[in-house]
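Structure first, commentary second.
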Amino acid sequence: MEYEISLATTMAISVLFALSLNLITGFCGQISLGHAAFLGVGAYTAGMLAKAGVPFLLTLPLAMLVAGALGVIVGFASLRVRADFLAITTMGVGFLFVGIVRQQDALGGEMGISAIPDSGMSKLVFMLFAVAMAAAAALLSAYVRRCWMGRVFSAIAEDEDTVRVMGIDVPRFKLTAFALGTALAGLAGALYAQHLKFIAPDSFGFIESITVLSMVVVGGIGSVIGVTVSAAVLSVLPSWFQVIGTYKLLVYGGLLFLMMRFSPGGMAALVKRIFHPDRWGAK
Amino acid sequence: MSAQMSPLLSVGAVTVQFDGVTAISDVSFDVNQGELLGLIGPNGAGKTTMLRVITGVVRQTSGSVRLEGRSLEGLPTHLRIRRGLALSQQIVRPFRDMSVIDNVALAAGADKTVSPVKALLHTGRERELKIGRDLLSRLGIERHADESPQIQPMGILKRLELARALALAPKLLLLDEPLAGLNSKEARLLADTITEINRSGTTVVMIEHNLGEVLRICHRLVVLDNGEKIAEGEPEAVMNNATVRAAYLGSGAAAATQATAGDQHAEA
Amino acid sequence: MNHKKLAVAVTAALAMQFGVPAWAEVKIGINVPLTGFAAADGKSALDGAKLAVADANAKGGINGEKIELVIYDDQASPKEAAPAATKLIEKDKVVAGVSGSYSASTRAAAPLFQAAKVPYVVAYSIHPDVTLAGNYVFRTATMGEVQGRAGAKLSSTLGKKNVVLITLKNDFGQALAAGYKEAAPKFGVKIINEYEYGIRDRQFGALISKVKSDNPELIYASGYYFTAGPLVNQLRAAGITVPVIGQEGYDSEKFIEIAGAASEGTLVTTSLDRDSDSPVTQAFLKEFRAATNAGADMVAASTFTATSIAIEGLKKTGGKGGEALRKAIETGTFSTPIGKLTFNDLHEVNKDVQVQIVKGKAFHRHSVISDPVLLAPPTKAK
Amino acid sequence: MLFVELIAQGLIQGSIYALIALGLTLVYGLLRILHVAHAAFFTLGGYIGVMVANQTGSLAAAIVAAMIIAGIGGILVFRLCYQPILHQPPFVPLIASIGLYIAAEELFRIIFGPSGLSYKYAFLQDQVVLFGFLRFKLAEIAVMLGSAVIIGVLSLLQTRTRIGVACQATVSDPQMAESFGISLQKVGDINFFVGSALAAFAGVMVSVLNNMVEPTMGSVPSYKALAIIVLGGLGSVRGTLAAALVLGVVESFGTIYLGHYLDRNAIAFAFLILVLMWRPQGLFART
């Protein structure tokens, strides 16, 4: 069972992480190519605290707090630049994070941190805990979608200038999206550190940021169910693909491309098209 | 209009320069409560820039803008809107991912979108939907309420744009070429609707090239040319003003052909 | 879930490759980076491991039972290594594990093997934490710090005092630099400057201009053949003629191919001595060339060694894993292509460091650094 | 003296960046997509270069072959991969492009092996000494001269020929092409051909400089070229050139004097972020 438990834990953490980006990119339309930095901030915060003797459950809110605070700072950058400029700026933030952590001996530098103290939970309980966190994030996402904040987010995603002339404080809403999304990424990072017990700068680099963005886009940007399913599947795909061994990344890249080429709305749109072929529009 | 009545909007000696080029030079005018004011002038006269100064998208180099006697200096766009302005944009920009009614309801929910926390804590929108439906029926497009804006013709979209602005319950409605892109019949109908909105208590400032309709419905005109105010007053008097005629006729041939071409385009 | 099917498929694929009957019983698991940036080393490592298994099977396997190698790609990433290790332990029920991968992935996998009490022999990952995971983890590589110290000694043997360090910015390079800096004062070697570069860098123009202005007597540059090849080539092209000392990361024919004529005279501290008179080493070099049509490098030799040690241990226990195998490896002495190996109480090896020099487009013996005190790996006490 | 050498090294690096980023700008200007897979043509160029050179012994033949094949590949990517999804929101082509790049990198590894290829003959490895102290490999001079010549010829074509003017106009305003009576498709073909051929030329030159091609050689250019075109103001050809050279020089000094605090990527992106916070439209944006 341990293998399945471990896979389920990985899935849950990926779902949580993907949903956190979905809040920023899917709901609020602010594309981020550096989201893994916040996973890293959460992981490092929780890892360092755990090593300092802080109990596991207490490391979680602190990881969220630190990641969320940094998220707001990056959010301020998002106020200054837009669209493709924002994409590249966030990418830069990701590289900067990795570059800075590499040089910090206090954070283990290039070597990373290993032997992170155990949470005290059994593997099964920890898995259930991670699943519960992911479920909570999914519920929160579904709620945000339904409340006024979600409506403002999707309007900002489409045309923020128009939202502004509707008297809405666009910067504050954007910052809120960044704060929420990055705090959740921090939570995912704390769970990640606890799950692998080892973290190093390269685990939070550009590739990880691209991976999580792919999960969101393949799931169907903005769709809570779509993103949940795609994050769960894509996170364990490499493990399943062991059978095709050396071809697995080729298949992964190919699938990503084909999905965008033939179903740009992601899996959510694909499913809708199959079951309601006559309805127009994806939303 | 009596001099004692304090103006709703007061533009005082506004100058705007971009990289040393003067777009607006020392322009002042007032908009009185209940008025329907036309802001006209040839292309490039600075009308849209003036509107942007009022909404805070563009910052003036000098001068002041006051709403109900309070300066709008330093306020970002959204706070100016919350003070009582509303803008209907020249190029219609509905949210295409929302239905027509959702577009209007979002604007009507201004008190719930005032802060992220408030927005997070509220889900219901019965009141906003009702306001939305009322506005749509007032503008005569309620039968399209649940459709997507993506499939609507320009005439409907112009009215949707107007409905969304009205949903903010503004004290002053700013219209940027509301009639552009409509054929003469549609333009006439929409101009009537604007008159009606004005009669029911909303002060309106309108930029418009369709002089026929402007002269028909506006109470007063302010004429800009090359960034300067060249005339102000009752429509008829303004149009008889020699400077105004020169401004329009100077580029007259071009303006006239352009207007015709525009009409043909709209009808095609 | 079709893990069963999957395992069967892997087994079948391997069986075909090695001509092993599908009812093989003794399973050894290996995690190697077959995709991603470390794929080249992963391929070498896997070739080495396969050769060790094929050798053993040709000699009758373990008590007549064939050995099966279960291979998982870990992309040199901890995130992929953890599920791979769990799967090897739990689904494939391997009796022993081998790491043919880098430090990051090995560090994620080691605690899992430790927790499951499956002996795990690590080939060439050099991070100190690996063996700290517990007493089921063994390492055949000379640790980075130790190799760094050997480098400092070599510098002084060459009579050079003023050295510039060019350090690869990853755990491998950092560990080497730390060892070098620690030992340098003992040998009167002065580090006049240190520069760092990233694993993706191939263009060193700016860095070399600066090195030139430092005017050092020797350059100690850490890296892998794919960074060291361009680096040495560009150093020489810039007219810098002082000796360059590299380490086992350079230890590949590819280094000579890439650096071309500029590679002549480059010294590397490594574990594989091509000119060794040990029959084990020579047999390995010959067999490896026959099997892969390429020359063996340090990664291949180390992974061959690690796999062989697991197999030797299993021979002693009659195919039993767990504590019996741990004890067998702990107490054994192993003749390997990289020398006679025994493990200390932290399960590190104590061995001489081989210095090879590029001469006539091939690695040849330059000298051997034999200094048990200087080259002592850490123990439990430390 | 060191100062001059660092500048020179920065310019060499910058010329390579410029060659790669130029194609990306042409594509961005026309289609408004971030074409990450562009770096695959850089790698492809390197591989074709090594193989043709090793077969024929002629570097010139290698360069021509690499540029033509990559150029045709570029057209195919435009027509088969991007054209059908142009009307989608920008992240769709972006993710498609990333997927394409991952798949391409893996294909190179599977076809040519993970450990890369080297030249059989030493091309342009001789040294040249200038002004007594500046010392270059012939290959480095070739990179700089080659970029200057190619870019010069391109800008001549762009201003002197009808189709060049059309392309240029189209980059600043995609609708303009029609008014020149040239289809967007044709301009797209040309931009992708030229852009991919330039990347392939850069690939050959880098493979000569390093005497090595490897499957992952495009991974750094894949994102750094994005940074450069953003720095240059997105879609501005001149801005891209200037940004590439500036970044080359910044990295050149940065790796020496900031290397202990930040790695090369982090230096480049720290510079990028600083610039964008100061000028959100990029260093050399026209407005």
Side-chain angles (χ1 to χ4, degrees), chain A residues 25-26 29 31 33-34 74 76-77 79-103 110 157-158 201 205-207 210-211 213-214 216-218 221 246-266, chain D residues 28 32-34 36-37 80-82 84-85 87-107 109-110 114 219 222-224 226-231 233-234 259-274 276-282:
Chain A
T25 302
I31 198 158
L33 291 175
V74 172
F76 273 109
L79 303 182
R80 199 127 168 82
V81 290
R82 283 194 198 178
D84 294 327
F85 285 92
L86 177 63
I88 305 303
T89 304
T90 51
M91 179 167 119
V93 169
F95 278 105
L96 213 49
F97 168 78
V98 172
I100 290 171
V101 172
R102 270 178 208 284
Q103 300 303 103
E110 204 60 63
E158 206 184 317
F206 186 49
I207 296 181
I210 292 298
T211 309
L213 183 63
S214 311
V216 170
V217 174
V218 166
I221 193 147
T246 173
Y247 298 101
K248 75 182 184 191
L249 281 181
L250 176 66
V251 173
Y252 184 87
L255 278 181
L256 216 54
F257 168 70
L258 291 175
M259 180 62 108
M260 288 301 101
R261 169 73 175 71
F262 294 105
S263 178
Chain D
Y28 186 88
R32 299 285 182 270
I33 50 179
L34 296 172
V36 175
L80 302 180
C81 304
Y82 290 135
I85 48 174
H87 56 283
Q88 299 290 341
F91 55 80
V92 168
L94 175 65
I95 300 289
S97 190
I98 289 170
L100 207 56
Y101 179 71
I102 294 174
E105 200 174 73
E106 286 299 298
L107 267 182
R109 184 180 59 75
I110 290 163
S219 65
S222 72
Y223 52 78
K224 206 166 273 174
L226 294 182
I228 289 167
I229 65 169
V230 165
L231 210 51
L234 275 179
H260 291 293
Y261 310 102
L262 285 174
D263 59 16
R264 197 172 186 158
N265 281 331
I267 290 169
F269 280 100
F271 179 65
L272 171 89
I273 291 172
L274 283 179
L276 285 186
M277 290 303 106
W278 166 54
R279 280 186 66 113
Q281 301 306 312

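What you see is a predicted model, and the numbers here were worked out from it, not measured in a lab. We name chains A, B, ... by the order of the sequence lines, and we start the count at 1 in each one.
- Side-chain contact between F85(A) and P280(D) is absent, with no heavy-atom pair separated by less than 4.5 Å.
- Under the salt bridge (Lys or Arg N to Asp or Glu O under 4.0 Å) criterion, E105(D) pairs with no residue, sequence neighbours left out.
- Between the CD atom of E106(D) and the OH atom of Y252(A) there is a distance of 12.0 Å, given to the nearest 0.5 Å.
- Looking at V93(A), both its backbone and its side chain come within 4.5 Å of chain D, counting heavy atoms on both sides.
- With a 4.5 Å cut-off on non-hydrogen atoms, I31(A) touches chain D through its side chain but not through its backbone.
- Counting heavy-atom pairs closer than 4.5 Å to chain D, the top-ranked of the candidates A87(A), S214(A), P264(A) is P264(A).
- Atom CD1 of I207(A) has 12 or fewer neighbouring heavy atoms from other residues, nucleotides or ligands inside a 6.0 Å radius.
- Across every non-hydrogen atom of F95(A) and A266(D), the tightest pair is O-CB, 3.9 Å.
- Contact annotation: the side chain of L34(D) approaches that of I88(A) to within less than 4.5 Å [non-hydrogen atoms, C-beta and beyond].
- For I267(D), no part lies near chain A; criterion is any non-hydrogen pair under 4.5 Å.
- Interface residue L33(A): only side-chain heavy atoms are found under 4.5 Å from chain D.
- Remark: L107(D) pairs with L250(A), I111(D) by the side-chain contact (heavy atoms from CB on, under 4.5 Å) rule, at least two apart or across chains.
- Comparing Y261(D), F271(D), Y101(D) by heavy-atom pairs within less than 4.5 Å of chain A, the highest count is held by Y261(D).
- L255(A) CG to I102(D) CD1: the interatomic distance, rounded to the nearest 0.5 Å, is 11.0 Å.
- When the candidates G266(A), G94(A), G99(A) are compared by the number of heavy-atom contacts under 4.5 Å with chain D, G99(A) comes out ahead.
- Interface residue I210(A): only side-chain heavy atoms are found under 4.5 Å from chain D.
- Interface remark: I95(D) contributes backbone and side-chain atoms alike to the contact with chain A (heavy atom separation under 4.5 Å).
- In this structure, the separation between CE on M91(A) and CG on N265(D) is 9.0 Å, given to the nearest 0.5 Å.
- Rounded to the nearest 0.5 Å, atoms CD (Q103(A)) and CG (D263(D)) are 6.5 Å apart.
- The contact between R102(A) and chain D is made entirely by side chain atoms (from C-beta outward), counting heavy-atom distances below 4.5 Å.
- Aromatic ring pairs are classed by plane angle as parallel below 30°, tilted from 30° to 60° and perpendicular above 60°; the pair Y223(D) and F206(A) is perpendicular.
- Contact between G254(A) and A103(D) at its shortest, heavy atoms only, is N-CB, 4.0 Å.
- Here the straight-line distance linking atom CZ of F91(D) with atom CG of L213(A) works out to 8.5 Å at 0.5 Å rounding.
- In this structure, R261(A) contributes its side chain and Y82(D) its backbone to no donor-acceptor pair below 3.5 Å.
- The two residues I273(D) and G92(A) come nearest to each other via the heavy atoms CD1-C, 3.7 Å.
- To the nearest 0.5 Å, the span separating CZ on R80(A) from CH2 on W278(D) amounts to 11.0 Å.
- For chain A, the nearby parts of L100(D) are the backbone and the side chain; heavy atoms of each come within less than 4.5 Å.
- With contacts defined as side-chain heavy-atom distances shorter than 4.5 Å, the pair D84(A)/V230(D) does not qualify.
- A pairwise comparison of heavy atoms in M277(D) and V81(A) identifies CE-CG1, 4.4 Å as the closest pair.
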